[in-house]
2 protein chains.
Amino acid sequence: MRSDDTANGTAEYRDSSGRTLADYPRPSVAVDTALLTVLPGEDHLSALEVLRPEPTGWALPGTFLHEGERLIDAVRRSLRDKAGVEGMSPRQLHVFDDPKRDSRGWVVSVAHVDVVEADKLEQRLAGRTRLVPVDQPGRLPYGHEQIIGRAVADVRNRYAIAPDPDRLLDEPFTILELRKLHESVAGRALQRDTFRRLMEPQLAGSGRTTSGTRGRPAELFRHRSAPIA
Amino acid sequence: MRSDDTANGTAEYRDSSGRTLADYPRPSVAVDTALLTVLPGEDHLSALEVLRPEPTGWALPGTFLHEGERLIDAVRRSLRDKAGVEGMSPRQLHVFDDPKRDSRGWVVSVAHVDVVEADKLEQRLAGRTRLVPVDQPGRLPYGHEQIIGRAVADVRNRYAIAPDPDRLLDEPFTILELRKLHESVAGRALQRDTFRRLMEPQLAGSGRTTSGTRGRPAELFRHRSAPIA
DNA sequence: TAAATAGTGTCTCTCAGACACTATGTC
DNA sequence: GACATAGTGTCTGAGAGACACTATTTA
């Protein structure tokens with residue numbers, strides 16, 4: 001969506017000591033991702049954690065940026081390799097840059113967030129991954145709790161104003177199904193009528209309704225347009 | 001305010017090819033900063049630009065991250081060295097990561113924003129810096145227009161809800177002075193009575209008033225607490 | 001008919017925008 | 001007193017929360 005660029009100087013760049021770009025030590029650049037979902041039958045957000053070699057233990061999935069690679073591609077690669085998850089639109093959250101935060105050396109990490117349908121997490125590596133409620137993430141290394149906190153806040157902000165921006169629901173869906181999802185994301189109950197009045201104008205009615213259920217059939221809706229990003 | 005941390009693996013980390021951390025090529029990490037201000041007698045935001053060696057021309061101030069350095073310290077160093085400005089609280093905006101965006105090589109840049117009192121820019125290097133209105137930044141390299149755009153949006157969001165969060169105004173100040181500042185930031189006129197009703201509860205009245213002015217003297221206010229960050 | 005769920009009318013509260021009024025100083 | 005600016009009362013419209021009503025289906 002953007003040409004994504006910014007920088008510094010020219011090909012003849014030298015600093016005040018006459019050193020050129022290649023003379024500087026450079027950090028490793030990592031990505032870490034809070035991959036969130038709502039599990040079937042549960043009413044809260046869960047985060048994917050992966051088991052790293054001792055003594056690290058459970059942590060968020062991450063990887064190092066490869067040469068010539070975009071951050072978003074490194075995120076997708078780490079999630080594909082470590083959880084078998086594809087088709088995401090991760091967003092940047094924050095850069096964590098404490099030079100002493102990683103015992104292996106100087107690592108700058110760009111935290112990301114994404115939300116995915118629970119069934120896309122079926123194929124994840126058993127025993128080496130787990131899904132934990134975001135409000136009880138366990139003790140995580142490298143400040144990964146902070147990433148989860150920022151991720152949850154980011155997702156809640158997005159879900160507060162628009163219907164299922166990350167497309168967790170299969171279409172078509174009822175307003176009830178949509179509201180249950182939003183309540184799981186928000187971590188609290190939402191007003192039934194207020195929720196409908198906020199969301200329905202942002203949806204496309206299908207004219208069709210559910211059938212065979214208790215009570216009055218509910219109209220089925222679809223999203224109006226493609227997801228924003 | 002936070003311990004700022006996150007990462008990846010352990011000291012014995014090896015990837016699937018058995019390579020260790022030091023075997024990977026690493027990008028240079030840069031910071032670029034949109035340093036904004038409101039110039040005396042003007043009613044809009046301006047951005048600081050610095051002249052870089054040919055063929056780059058005017059661009060935002062930036063530098064490379066030094067070994068063991070925090071991003072915020074690199075930002076402060078670049079602004080001190082290139083504009084003589086100190087005492088800022090830069091915030092991260094976005095990471096620009098296109099591998100081809102810099103002709104010198106592989107550079108990942110973390111964009112920052114900060115706002116500073118105009119008189120702190122007095123001592124900047126004449127001839128090698130300039131202040132330009134944010135809506136006419138000129139043609140900048142490396143997508144620096146995008147940084148300015150994000151920076152302006154960020155600052156406007158902050159100023160929409162709180163009185164002078166970046167402390168551009170000297171205390172004490174009148175509501176009129178505060179409103180003129182906010183109008184310059186917002187780029188549009190603000191309602192006089194609505195503005196007062198939003199901001200006054202967030203300020204500490206001093207009891208004292210202006211004197212010697214035309215019209216009824218205005219009460220002088222101070223901020224209630226220290227800036228948030 | 002009873003129960004259950006969908007959908008809507010409407011009251012209230014809050015808040016922004018707008019207008020106009022009152023208050024208090026200088027010229 | 002005229003004028004200018006500070007500060008406030010109040011009306012209106014939009015929107016969220018809350019409650020209750022109507023609508024439509026199954027058991």
Side-chain angles (χ1 to χ4, degrees), chain A residues 40-41 43 153 155-165 169-224, chain B residues 41 43 153 156-165 169-224:
Chain A
D43 62 351
V155 172
R156 285 182 176 163
N157 284 338
R158 290 162 54 80
Y159 272 75
I161 57 170
D164 190 19
L169 276 185
D170 292 324
E171 296 183 322
F173 49 81
T174 66
I175 301 266
L176 175 60
E177 291 164 342
L178 183 68
R179 180 162 54 87
K180 288 302 177 191
L181 170 64
H182 278 249
E183 288 179 339
S184 296
V185 169
R188 64 187 181 89
L190 301 175
Q191 200 76 10
R192 187 173 66 97
D193 39 12
T194 302
F195 181 81
R196 164 181 285 270
R197 277 186 260 252
L198 173 65
M199 295 300 175
E200 188 178 334
Q202 305 183 53
L203 296 171
S206 68
R208 294 187 301 131
T209 60
T210 56
S211 64
T213 60
R214 293 277 284 167
R216 173 172 168 177
E219 184 171 3
L220 290 163
F221 291 88
R222 294 180 177 279
H223 288 292
R224 262 234 175 118
Chain B
D43 62 351
R156 285 183 177 164
N157 284 339
R158 290 162 55 81
Y159 272 75
I161 56 170
D164 190 19
L169 231 43
D170 291 326
E171 297 182 323
F173 49 81
T174 66
I175 300 265
L176 175 61
E177 291 165 341
L178 183 68
R179 181 162 53 88
K180 288 301 179 193
L181 170 64
H182 279 248
E183 289 179 339
S184 297
V185 170
R188 64 187 181 88
L190 300 175
Q191 200 75 9
R192 185 174 67 99
D193 40 12
T194 301
F195 181 82
R196 165 181 283 271
R197 277 185 261 252
L198 173 65
M199 297 299 175
E200 188 177 336
Q202 304 183 53
L203 297 171
S206 69
R208 296 187 301 131
T209 59
T210 56
S211 63
T213 60
R214 294 276 284 166
R216 173 174 169 175
E219 183 169 4
L220 290 163
F221 292 88
R222 293 181 178 278
H223 288 291
R224 255 222 185 133

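Values below: every heavy atom of this structure, side chains too, minus hydrogens, waters and symmetry copies. Not measured: the values here are computed from a predicted model. To find a chain, count down the sequence lines: A is the first, B the second, and so on, and within it residues start at 1.
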Quiz item: Considering all heavy atoms of both residues, which atom of A/M199 and which atom of A/Y159 are nearest to each other, and what is their separation?
Solution: CE-O, 3.9 Å

Quiz item: Can you tell me how far P of C/dA6 sits from CZ of A/R208, to the nearest Å?
Solution: 17 Å

Quiz item: Is there a donor N/O on one and an acceptor N/O on the other, under 3.5 Å, for the side chain of B/R197 and the base of D/dG9?
Solution: yes

Quiz item: With distance as the sole test, does B/R192 use its side chain to make a donor-acceptor pair with the main-chain N or O of B/L176 at under 3.5 Å?
Solution: no

Self-check item: Sidechain-backbone polar pair: B/H182 side chain, B/P163 backbone, donor-acceptor under 3.5 Å
Solution: no

Exercise. Could you check if a side-chain atom of B/R224 sits within less than 4.5 angstrom of a side-chain atom of B/L203, using non-hydrogen atoms only?
Key: no

Quiz item: In whole angstrom, what separates B/M199's CE from C/dG17's P?
Solution: 11 Å

Quiz item: Taking the side chain as C-beta and beyond, is there a heavy-atom pair between B/F221 and B/L169 under 4.5 Å?
Solution: no

Quiz prompt | Separation of atom CD in A/Q191 from atom P in D/dA16, rounded to whole Å | solution = 12 Å

Quiz item: Minimum heavy-atom separation for B/A218 to B/T174, with atom names?
Solution: CB-CG2, 3.8 Å

Practice problem: Take the protein atom CD of B/E200 and the nucleotide atom P of D/dA6, then report the distance between them rounded to whole Å. | Solution: 13 Å

Practice problem: Name the closest nucleotide to the A/R192 side chain, picking from C/dG17, D/dG17, C/dT8. | Solution: C/dT8

Quiz prompt | Among C/dA16, D/dA16, C/dA6, the one nearest A/T194 by side-chain distance | solution = D/dA16

Quiz prompt | Test: A/E177 and A/K180 ion pair at under 4.0 Å | solution = no

Expected rows: protein N/O vs nucleotides 23-26 of chain D N/O, under 3.5 Å:
from   : atom 1 : to     : atom 2 : distance (Å)
D/dA23 : O4'    : A/R216 : NH1    : 3.3
D/dA23 : N3     : A/R216 : NH1    : 3.4
D/dT24 : O2     : A/R216 : N      : 3.3

Practice problem: Rounded off to whole Å, could you give me the CG-to-P distance for the A/L190 and D/dA16 pair? | Solution: 13 Å

Self-check item: N/O donor-acceptor pair under 3.5 Å between B/Q202 side chain and B/I161 backbone
Solution: yes

Practice problem: Would you kindly give the NZ-to-C1' distance between B/K180 and D/dT5, to the nearest whole Å? | Solution: 12 Å

Quiz item: How close do B/P172 and B/R208 get, heavy atom to heavy atom, and via which atoms?
Solution: CG-NH2, 3.5 Å

Exercise. Scan residues 170-179 of chain A against DNA chain C and write down, sorted by residue number, each residue with any heavy atom closer than 4.0 Å; if none is found, say none.
Key: A/L176

